[in-house]
Amino acid sequence: MEDVKGTEGAGGAGGAGHGEPETLELPSAPGTAGLYVRAVLPRSGGTRGRPLPARRLVLRDVAADPERLRRYAEVCGFAGAARLPVTYPHIVAFPLAMSLMTRRDFPLPLLGLVHIANRIDRHRPVEAGERLTYRVWAGDLRPHPKGTAFDVTAEADDGARTVWRSVSTYLRRGRAAAGPPPGAGARSGKAASGGAGTPGGPGGPLLEERWEVPGPAGRAYAAVSGDRNPIHLHPLTARLFGFPRAIAHGMWTKARCLAALEEHLPGACRLDVSFRAPVPLPSAVRFRATGPAASAGTGVLWDFGLRGDGGTGREHLRGEVSALD
């Protein structure tokens with residue numbers, strides 16, 4: 001386990017349990033390879049049915065590595081790296097999220113979790129050399145029609161205020177749990193609820209692109225992001241988890257879509273996405289986005305989506321871009 005410095009009562013942890021939350025400061029980002037090893041090891045004692053631990057992890061004074069930033073922009077299709085791509089802080093926070101979810105007291109196993117939604121709030125653009133403090137915690141464990149869901153929240157601040165925030169919703173498949181409907185989480189917009197429809201309504205600007213996603217795309221994103229989940233790496237490892245082929249990372253598909261919209265994103269924006277079905281590797285997909293006139297009165301600047309190529313292609317992703325005040 002990574003070295004940590006702990007403090008008590010350092011702010012809320014998103015309702016993730018009972019009592020005062022615990023804050024653990026990490027001296028450096030934990031290595032994800034070791035965390036995946038931890039994820040496959042058997043656990044001692046039972047944790048199912050327990051609440052999420054009231055804990056947040058903190059990593060201070062982090063600047064983007066220029067080479068990693070360059071490779072990330074290249075893999076995801078962003079035009080340059082003078083500023084952080086809007087999804088880049090996610091890969092900085094990802095090892096902290098993995099560390100939370102692989103600890104012995106976390107009630108759900110990491111392997112087998114499905115990333116079903118992600119919402120990013122960018123309060124302002126972040127320059128490549130800025131040093132940020134990241135905080136990550138899990139919360140809102142709740143019933144879901146297909147099992148149990150929870151959120152992982154990540155924030156980055158510049159010492160004065162939060163400049164970037166992400167809420168990722170994960171699902172553990174299982175018997176549909178009784179209880180109230182799922183909470184807001186990362187699913188507050190129509191992108192996640194299913195109301196946005198297929199982008200391409202009349203009246204607004206239309207962007208449409210066809211992309212060939214190569215077989216090694218999962219390994220390329222894994223190398224730069226640290227997300228080495230076996231389902232993304234090779235058909236043989238994907239088959240161990242029930243997939244006939246490797247599949248693209250959900251956050252790569254979101255990043256690739258936002259790279260296509262990069263010049264249209266306001267400085268302060270909300271980027272809400274639901275992941276509908278995996279993108280098998282290799283495959284051809286079609287990106288489609290419609291602009292403000294098609295969504296007049298909703299506050300949405302762009303509706304966008306990703307489907308398999310062809311008129312009846314499977315829907316992979318649905319998203320919205322809106323401005324933050």
Side-chain angles (χ1 to χ4, degrees), residues 1-62 89-113 115 117-121 131-144 148-172 179 182-186 226-227:
M1 184 178 292
E2 64 273 9
D3 294 331
V4 295
K5 178 175 67 176
T7 59
E8 298 294 334
H18 303 286
E20 287 298 317
E22 175 188 30
T23 296
L24 301 177
E25 295 200 14
L26 307 183
S28 60
T32 56
L35 294 174
Y36 275 112
V37 171
R38 183 196 291 177
V40 301
L41 294 176
R43 300 185 182 196
S44 59
T47 57
R48 293 186 69 89
R50 293 185 183 178
L52 297 176
R55 176 182 300 127
R56 66 173 59 194
L57 300 186
V58 180
L59 186 63
R60 297 187 182 277
D61 198 34
V62 181
H90 175 85
I91 70 168
V92 181
F94 178 73
L96 281 69
M98 275 199 65
S99 181
L100 281 175
M101 292 188 285
T102 55
R103 289 172 181 256
R104 291 184 178 182
D105 58 353
F106 200 81
L108 300 172
L110 175 71
L111 296 181
L113 293 177
H115 193 184
N118 174 265
R119 183 182 69 226
I120 290 174
D121 290 346
R131 309 193 76 87
L132 303 175
T133 291
Y134 289 81
R135 294 177 174 83
V136 178
W137 66 92
D140 197 12
L141 185 68
R142 59 193 180 271
H144 185 278
T148 302
F150 66 95
D151 296 330
V152 173
T153 301
E155 289 183 346
D157 73 68
D158 61 5
R161 67 185 183 107
T162 298
V163 298
W164 182 94
R165 188 176 193 266
S166 167
V167 181
S168 286
T169 300
Y170 292 92
L171 170 68
R172 176 66 179 179
D227 185 349

Residues Arg142 and Asp140 bridged, charged N to O under 4.0 Å: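 Answer for the salt bridge query: yes.
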A side-chain contact here means heavy atoms from C-beta on lying under 4.5 Å apart; do [X] and [Y] qualify?
{"X": "Trp137", "Y": "Val152", "answer": "no"}
{"X": "Thr148", "Y": "Leu141", "answer": "yes"}
{"X": "Val163", "Y": "Leu132", "answer": "yes"}

Under the side chain to side chain contact (heavy atoms under 4.5 Å, CB included) test, residues paired with [X] that sit two or more places apart:
{"X": "Arg60", "result": "Glu25, Val58, Thr133, Arg135"}
{"X": "Leu100", "result": "Arg55, Leu57, Val136"}
{"X": "Val62", "result": "Leu59, Val92, Tyr134"}

Least distance between heavy atoms, [X] atom then [Y] atom:
{"X": "Ser168", "Y": "His90", "result": "OG-CE1, 4.1 Å"}
{"X": "Gly226", "Y": "Phe94", "result": "O-CE2, 3.9 Å"}
{"X": "Ala138", "Y": "Phe106", "result": "CB-CE1, 4.0 Å"}
{"X": "Glu22", "Y": "Leu24", "result": "OE2-CD2, 3.5 Å"}

Side chain Thr102, main chain Met98, donor-acceptor under 3.5 Å: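 Checking the backbone N and O of Met98 against the side chain of Thr102, a donor-acceptor pair under 3.5 Å is found.
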Residues that Ser166 engages under side chain to side chain donor-acceptor pair (under 3.5 Å), provided they are two or more places apart: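 By the side chain to side chain donor-acceptor pair (under 3.5 Å) rule, Ser166 matches Asn118.
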Value rounded to 0.5 Å, distance of CD1 in Ile120 from CH2 in Trp164: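 Between atom CD1 of Ile120 and atom CH2 of Trp164 there are 5.0 Å.
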Step-by-step side-chain contact (heavy atoms from CB on, under 4.5 Å) determination, Met101 to Leu113: CA-CA 10 Å; Met101 292 188 285; Leu113 293 177; 3.9 Å; yes
Pairs touching residues 161-171 that satisfy salt bridge (Lys or Arg N to Asp or Glu O under 4.0 Å), sequence neighbours left out: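 Residue pairs passing salt bridge (Lys or Arg N to Asp or Glu O under 4.0 Å), neighbours aside: Glu155-Arg165.
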Exercise: do Thr169 and Asp151 side chains pair donor with acceptor under 3.5 Å: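 A pair is found: one side chain offers a donor N or O, the other an acceptor, under 3.5 Å apart.
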Residues forming a ring-ring contact (aromatic ring centres under 6.0 Å, His included) with His115, sequence neighbours excluded: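 Scan of His115 (ring-ring contact (aromatic ring centres under 6.0 Å, His included), adjacent residues dropped) gives Tyr170, Phe275.
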